[in-house]
Amino acid sequence: MKYNPQKIEQKWQESWYNSNAFRAKNGSKKRKFYLLVEFPYPSGDGLHVGHCRSYTALDILARKKRMQGYNVLFPIGWDAFGLPTENYAIKKGVHPSVVTKKNTDNFRRQMKEMGLSFDWSREINTTDPKYYKWTQWIFLQLFKHQLAYKTKISINWCPKDKIGLANEEVVDGKCERCGTKVEKREKEQWMIKITNYADRLIKDLDLVDYLEKIKTQQKDWIGESDGALVKFSVEGIEEFIDVFTTRIDTIFSGTFLILAPSHNFIDKHKNKIENIEEVLKYREDIKNVSDIDRTNQDKDVTAVQLKGITVRNPSTNEKMPVWTADFVLENYGTGAVFADAHDKRDFKMAKKYGIPLRTSIKPDDELLTQKVKNLEECFEGEGILYNSMQFDGLKSAEARPRIIAWLASKGSAYPKISYKLRDWVFSRQHYWGEPIPMIYCKKCGWQPVDEKDLPVKLPNVKKYKPTDTGESPLSLIKKWVDVKCPKCNGPAQRETDTMPNWAGSNWYYLRYTDPKNSKKLADETILKYWMPVDWYNGGMEHTTLHLLYSRFIFKFLWDIKAVPTSIGPEPYKKRTSHGMVLAQDGQKMSKSRGNVINPDSVVKEYGADTLRLYEMFMGPFDQMIAWDTNGIIGCRRFLDRFWNLVLAEKKAKKSSKEVQAILHKLIKKVSDDLDSAKFNTAVAAFMEALNFFHGKQNEVGQEAIEKLVILFAPFAPHITEELWSATGKKGSVHMQKWPKYNPAFIKEEKITLIIQVNGKVRGKIEAKTGITEEKAKKLAMAEQRIKELIAGKEIKKIIFVPDKLINIVI
RNA sequence: GCCCGGGUGGCGGAAUGGUAUACGCACAACACUUAAAAUGUUGCGAGGUUUUCCUCAUGCGGGUUCGACUCCCGCCCCGGGCACCA
């Protein structure tokens, strides 16, 4: 019988599906293991081979953990709200829910055809009102805890998608999705105070096992800087301008102050600024400049002085002029900086406008020091302080805490930590999203929808095109918009903005534990059992989006005790990322390039097991890798040989010692590799073992064959299941116990001892394991080649590494 | 500019202080075949040669070590992240 995947795969898929073979059990006494893959956005393109890589990897882990006796939760669902579906629906004139249904059906089919062992009874969909009821409920809790607020802000507006974007969704000043340059628009938006959690989102990374690059990326994004807040008193006005700095060691060289163009000091003291018209005009000019141009470092510095305004440097008590310049950003720190000769931008600006400069930090280098003192060059680094009163001679790092303490004693500074992270823009002006459950009453202001009235269902309408005005299309549905105020019962209006598509994915992993609960987002006892997620795999592109948002929302739910505190403050114990799968040409796969590999066609040609094996074998799991059509054939050949070997082995029951050693080494290697996500070397180990067994059919033995099939089952579930039944075994191979290796079998009796002379390999000898240094020396010296090499030379030293090598130094 | 990865045969890659090039692809020869495909066997870093042998080779240059792809110092290149961030 020849291996024919097309004949066997569907049969087993149906058998697993119909028997609920991989259902996770709530209320089990077994140890649990929660494996999570990011649920996909069900696009019309179907599954990408990159999805397959991530899903196969965690499927292998799930199957192995089940065989190791764990109660495994390995669920899947659909993150189905979002723009592409809406756009497609508008174009084709079909309702987004119809499109979603079609796409999820296709995804589900593809996943089943890959033999993924998801617990299909827990499938969730973010667009299901029973699901988004709780997404809305979470929003209400955020509002009730003052973490959701509506405010007029300048937002990133994508003119093509007609949607406001969060800062995280803007890449290089362009819309993350469509690449259109974003514009600035003033709009009332719902905001979520993620900034309140900035410190904990950094600190708690110490509690979890994430790939180091994921931790670094999150830290960089949150952008903590440790510094001080310094108060500059304004002359003639009873007021201070606050400045955040990380370089308080340079305070003595501060000779002027710069405000961001839209700093509210300017609005507040219009009458005191002599050239207010010039200042306001400058502010208008800046508004029309995009962030990209504003942050272009090659650009010339522009600035305007606020005439009539001076402040005092709290360290020197000297008067300083106040300026405004575009390179000072309103949304970082306090929107104001003190400027000196130790900052390139300040230096450039002072030179251009003839503002006096002073230096107070000496670099190590004498020559450079002279240049710095003569203001010929700007020195930004750390050094030794001078011109700094009692702090002269101190190093920058030593000086900082002392200067802060000194200024603090005068009441003009205190230590402060600042973050780059900004509050999260939570409103979208589109139809296909969760309605924000808020009602506006002219009398009572913003009122939350009563929890018992949730979910606020998306009305089923014909027109869901986004509008050019930036109003949500929902605003056109008067019947839906006009409601009574929950507080005063007077006339009021619903919020017509919807949530971003991150809202549904913020908490989905909680819902999987108890997906049908209508009373709570999930039951406490059940959450207590399953949470936290033991291993979460997803794309690197979600590190500063979904991963950060969902960690934040979990912390919030934890704080308000919506989830049991026993889980701890982090939802995911371990996070890994799979490398992107590129097209054969090394480019990103895309329809327009025509280089997309469709998993369906691979399954059709080679079978699902081959696809799974190749996805794991192609390279290190966390590295980006190009698809290689030629490489697939090797995996298929391996499966053919595997099939033949198992079926050919008929005679011997017992396996030889040599076979046992190979097998148990393989068990150890595969078990270890899977725990550290080294799928490629695990597959290679199978190939190596099979190469060894090949041609020795009847020496391998049924004993070894049986273990081999079990061990390989998580990788290639169909072929192993078929072989299990074809060799007359009862039950499913996937319900068998994961083999344990026996260290006694691995221990070899004979080893190859390497003989080196001066660290170079000059010979090998077969020896018994545990050979003594004395014996090894004798044997080595007896070798003809070694004799020749050391003849007439003085032996300085002999290094002996037991069971490995002997090195003769001459 | 700063912070992470990475650089090994014709190609994807393996080895984290101890036989560099596992495993796979491609290629070549042979076997089977009328033939081809498939399959199997063997070979496959470079150069030399006295061919159970030598020299060189893991981006480049140094260093530590009996011994370095692996550790340290200084560069170069590629990928990713952050960035007038005070």
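Chain letters run A, B, ... following the sequence lines, proteins first, then strands; residues in each count from 1.
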Inset, instruction - Can you establish whether the number of heavy atoms outside A:Lys416 located under 6.0 Å from its atom NZ is more than 12? - result: no

Legend entry - Given B:C84, B:A86, B:C23, the nucleotide with the shortest approach to the side chain of A:Phe327: B:C84

Legend entry - A:Lys420 side chain, from C-beta outward: closest of B:A83, B:A86, B:G24: B:A83

Legend entry - Nucleotide nearest A:His694 when distance is taken to its side chain, options B:A86, B:G40, B:C66: B:G40

Legend entry - Residue A:Lys764, side-chain heavy atoms: nucleotide from B:G18, B:A86, B:U19 that is nearest: B:U19

Inset, instruction - Could you measure between the two P atoms, the one in B:A15 and the one in B:G24, and give it in whole Å? - result: 16 Å

Inset, instruction - Could you check whether A:Val809 gets within reach of a base, just the sugar-phosphate, or nothing at all, counting any heavy atom under 4.0 Å? - result: sugar-phosphate

Inset, instruction - Classify the angle between the aromatic ring planes of A:Tyr3 and A:Trp643 as parallel (below 30°), tilted (30 to 60°) or perpendicular (above 60°). - result: tilted

Legend entry - Rounded distance in Å between the P positions of B:G6 and B:A29: 40 Å

Inset, instruction - For B:G67 versus B:C76, give the span between their P atoms, rounded off to a whole number of Å. - result: 29 Å

Legend entry - Dot-bracket encoding of pairs in RNA chain B, which uses [ ] for pseudoknotted crossings and | for another strand, Watson-Crick or G-U under 3.5 angstrom: (((((((..(((.....[....))).(((((.......))))).((((....))))..(((((..]....))))))))))))....

Inset, instruction - For B:C56 versus B:C4, give the span between their C1' atoms, rounded off to a whole number of Å. - result: 34 Å

Inset, instruction - Could you tell me whether a side-chain N or O of A:Arg247 sits under 3.5 Å from a main-chain N or O of A:Ser396, the two making a donor and an acceptor? - result: no

Inset, instruction - Side chain of A:Arg345 only, please: which of B:G18, B:C66, B:A86 is the nearest? - result: B:A86

Inset, instruction - With heavy atoms under 4.0 Å as the rule, sort A:Arg641 into base, sugar-phosphate or nothing. - result: sugar-phosphate

Inset, instruction - Give one of base, sugar-phosphate or nothing for A:Asn807, where a contact means two heavy atoms less than 4.0 Å apart. - result: base

Inset, instruction - Can you tell me, in whole Å, how much space there is between the C1' of B:G1 and that of B:G10? - result: 39 Å

Legend entry - Given B:G18, B:C84, B:C25, the nucleotide with the shortest approach to the side chain of A:Ile633: B:C25

Inset, instruction - Specify whether A:Phe642 and A:Phe712 have parallel, tilted or perpendicular ring planes, treating 30° as the upper limit for parallel and 60° as the lower limit for perpendicular. - result: tilted

Legend entry - Options B:G13, B:A22, B:G24, nucleotide nearest the side-chain atoms of A:Asn691: B:G24

Inset, instruction - Describe the nucleic acid contact of A:Lys213 in one word from base, sugar-phosphate, nothing, applying a heavy-atom distance below 4.0 Å. - result: sugar-phosphate

Inset, instruction - Answer with base, sugar-phosphate or nothing: what part of the nucleic acid does A:Ile625 contact at a heavy-atom distance below 4.0 Å? - result: sugar-phosphate

Legend entry - Chi class for B:U42: syn within 90° of 0, otherwise anti: anti

Legend entry - Plane angle bin for A:Phe244 and A:Tyr332 - parallel if under 30°, tilted between 30 and 60°, otherwise perpendicular: perpendicular

Inset, instruction - When you get a sec, tell me which of B:C85, B:U39, B:C66 is the closest nucleotide to the side chain of A:Lys797? - result: B:C66

Inset, instruction - Any chance you could list the contact pattern along nucleotides 45-53 of chain B? Use B for base contacts, S for sugar-phosphate-only contacts and - for none, protein heavy atoms under 4.0 Å, 5' to 3'. - result: --------S

Legend entry - Set of residues satisfying salt bridge (Lys or Arg N to Asp or Glu O under 4.0 Å) with respect to A:Lys775, sequence neighbours excluded: none

Legend entry - Distance between C1' atoms of B:A26 and B:G9 (Å, rounded): 12 Å

Legend entry - Same-atom distance (C1') from B:U49 to B:G40, integer angstrom: 34 Å

Inset, instruction - Scan A:Gln756 against the nucleic acid and name what it touches under 4.0 Å (heavy atoms): base, sugar-phosphate only, or nothing. - result: base

Inset, instruction - Check every strand shown and say whether A:Lys219 touches a base, only sugar-phosphate, or nothing at a heavy-atom separation below 4.0 Å. - result: nothing

Inset, instruction - Decide if atom NZ of A:Lys351 counts as having more than 12 heavy atoms of other residues, nucleotides or ligands within a radius under 6.0 Å. - result: yes

Legend entry - Contacts of type side chain to side chain donor-acceptor pair (under 3.5 Å), residue A:Asp672, not counting sequence neighbours: A:Lys668

Review item, nucleotides 14-17 of chain B N/O atoms under 3.5 Å of protein N/O:
from, atom 1, to, atom 2, distance (Å)
B:A14, OP1, A:Asn680, ND2, 2.9

Can you tabulate the close N/O pairs, meaning under 3.5 Å, that link protein atoms to atoms of nucleotides 68-73 of chain B?
none

